[in-house]
Amino acid sequence: MMSTLYDSEATITERQNEVNAKRKRAISRARGESAGWIGYLFIAPNFIGFLIFTLLPLIFALFVAFTQWDVVSGLGGMQWVGLENFTTLLSDPSFWESARITLIYVGLSVPLTTVAGLLVALALNGPIPGRAVLRVIFFIPFIANSVAIATTWILLYHPTYGPINAVLKALGVTQPPLWLVSSQWALPALIGMAVWGGVGYASIIYLAALQDVPQELHEAAAIDGAGAWARFRVITLPFLSPAIFFLLVTGFIGASQNFGMINLMTQGGPGRSTTVLSYYIYQSGFQFYRFGYAAAMAWVMFLVVLLLTLLLWRIQRRGIFYS
């Protein structure tokens, strides 16, 4: 009889444990579901903004690329033309000229910014006086107002009264460049300004990456007789390769879409010497009212940038060192 009592008590205890376990699972499931809903509520504003201001305009631009539309006539004025905008684009000399200028601008400004940022970061990483203040000074151009920057550089590049030409004349240059009013020097002037504006950001990224370089490896290499250049090439540079790749990709995407500074400083001139592809898209849409043609160019530009970015991403698998 005692054994039967013990068995019944054990059965009751097991059932109570099962009930408690189910209750705990139900409570944790309810908490998890409520936490999930809270998470969705937090990301809802960003998702709605992306949907309204990014995804829907992209889909609409893709539709417009297959139409002829001047926007003034309203949505009823759209005329479906199929691939006509894309075929016109292939035979448009202005498009290819803008693509060439964009390639020069991106191909020079991004590598120069990446290299200059590395040199500045290496200098600021050492024990120099006022290092914190210098870091802030180099970073200010990246966060400064674009209108203020453009106004300042227009004054600096002034062919007659600008400080840059004043310094060149003091150094013995009798005929300094005309900079922004010269079709030969306007694009190099914009590239120089882009490098100046991006060096601070690049140096901050490099400085963060330099903190992860193991100093014991440098000490061991120095004991073995390795010089400063050998230590930089074998130890420091591999640890910086992820930062270099990041700056190249983001710089390439940003420079290929550059519009603001060009619009403020040169408006694509003199002539068409600084009309990059993004500015030509703006001209086609908002000056010539060829919104279908502008949308077609924008999508071609998007696909080219996407393909080149994927190519860079594929290359980095072999040459990037992740510690």
- Query: Does the side chain to side chain contact (heavy atoms under 4.5 Å, CB included) test come out yes or no for I204 and F142, once each step is laid out?
  - Reply: CA-CA 11 Å; I204 293 297; F142 183 75; over 6 Å; no
- Can any side-chain N or O of R231 pair as donor or acceptor with the backbone N or O of A226 at less than 3.5 Å? yes
- Note on the structure: Between the OH atom in Y293 and the CZ atom in F288, the distance rounded to the nearest 0.5 Å is 11.0 Å
- Note on the structure: Heavy atoms of V110 and G251 approach each other most closely as CG2-O, 3.5 Å
- Backbone of A148 reached by a side-chain donor or acceptor of W153 within 3.5 Å: no
- Query: Just by distance, do the side chain of S91 and the backbone of T88 share a donor-acceptor pair under 3.5 Å?
  - Reply: yes
- Give the ring-plane orientation class for W179 versus W185, where under 30° counts as parallel, over 60° as perpendicular and anything between as tilted. perpendicular
- Task: Rounded to the nearest 0.5 Å, what's the gap from CG on D224 to CD on E219? Could you check?
- Result: 12.0 Å
- Message: Just so I know, are the side chains of L277 and F95 near enough to count as touching, which here means a heavy-atom distance under 4.5 Å?
- Response: yes
- Item | Shortest non-hydrogen separation from A186 to G269 and the atoms involved | CB-O, 4.1 Å
- Task: Using a 4.5 Å cut-off on heavy atoms from C-beta on, say whether the side chain of L248 contacts that of I244.
- Result: yes
- Task: Starting at CD of E97, measure out to CG of D92 and round the result to the nearest 0.5 Å.
- Result: 11.0 Å
- Spacing of F302 atom CZ and I253 atom CD1 [to the nearest 0.5 Å]: 10.0 Å
- Should L83 and L90 be regarded as members of a common hydrophobic cluster, given that ILVMFWY residues are connected when their side-chain heavy atoms come within less than 4.5 Å of each other, either directly or indirectly? yes
- Message: Does any part of the side chain of I101, heavy atoms only, come nearer than 4.5 Å to the side chain of T274, both counted from C-beta?
- Response: no
- Task: Take V81 and F66 through the test side chain to side chain contact (heavy atoms under 4.5 Å, CB included) and record every step on the way to the result.
- Result: CA-CA 6 Å; V81 295; F66 296 95; 5.8 Å; no
- For the hydrophobic clusters of this structure (ILVMFWY residues joined by side-chain heavy atoms under 4.5 Å, transitively), does one cluster hold both L237 and F246? yes
- Y206 (side chain) donor-acceptor with T114 (main chain) under 3.5 angstrom: yes
- Compare all side-chain heavy atoms of W313 with those of V249 and state whether any distance is below 4.5 angstrom. no
- Mind checking the OG1-OH spacing from T102 to Y280? Nearest 0.5 Å is all I need. 12.0 Å
- Item | Pair I281-F259, side chain to side chain contact (heavy atoms under 4.5 Å, CB included): steps then yes or no | CA-CA 10 Å; I281 293 171; F259 167 80; over 6 Å; no
- Query: Got a donor-acceptor contact below 3.5 angstrom from the T275 side chain to the G268 backbone?
  - Reply: yes
- Which atom names give the shortest non-hydrogen contact between A150 and M265, and what distance separates them? CB-CG, 3.8 Å
- Should T266 and Y279 be marked as a side chain to side chain contact (heavy atoms under 4.5 Å, CB included) after you check the CA-CA gap, both sets of side-chain angles, and the distance that decides it? CA-CA 11 Å; T266 64; Y279 194 79; over 6 Å; no
- Do Y289 and M78 share a hydrophobic cluster (ILVMFWY, side-chain heavy atoms under 4.5 Å, transitive)? yes
- Under 6.0 Å from the CD atom of E216, do we count more than 12 heavy atoms belonging to anything else shown? yes
- In terms of hydrophobic clusters joined by side-chain contacts under 4.5 Å, are V106 and L303 together? yes
- Message: For a quick test of reading the model, state the closest non-hydrogen atom pair linking L58 to W299 and the distance between them.
- Response: O-CZ2, 3.3 Å
- Shortest non-hydrogen contact from I205 to A243? CG2-CB, 4.0 Å
- Provide the closest heavy-atom pair for N165 versus H158 in the form atom of the first, atom of the second, distance. ND2-O, 3.9 Å
- Using the ring of each side chain (for Trp, its six-membered ring), is F63 parallel, tilted or perpendicular to W80, with breaks at 30° and 60°? tilted
- Any donor-acceptor pair under 3.5 Å from N85 side chain to Q68 backbone: no
- Stepwise, does the side-chain hydrogen bond (donor to acceptor under 3.5 Å, both in side chains) test hold for N263 with Y282? CA-CA 10 Å; N263 184 48; Y282 161 77; 4.8 Å; no
- Message: Does any part of the side chain of L178, heavy atoms only, come nearer than 4.5 Å to the side chain of Q184, both counted from C-beta?
- Response: no
- Message: Keeping S278 on the side-chain end and N258 on the backbone end, is there a donor-acceptor pair under 3.5 Å?
- Response: yes
- Query: Looking at side-chain heavy atoms only, is the closest gap between S98 and R272 below 4.5 Å?
  - Reply: yes
- Message: I'd like to know if L307 and L312 are part of one continuous hydrophobic network [Ile/Leu/Val/Met/Phe/Trp/Tyr, side-chain heavy atoms within less than 4.5 Å].
- Response: no
- Report yes if some heavy atom in the side chain of L122 is under 4.5 Å from a heavy atom in the side chain of L210; otherwise report no. yes
- Task: Could you tell me the separation between the CD atom of Q215 and the CG atom of L217, rounded to the nearest 0.5 Å?
- Result: 9.0 Å
- Query: Does the ring centre of F50 sit less than 6.0 Å away from the ring centre of F47?
  - Reply: no
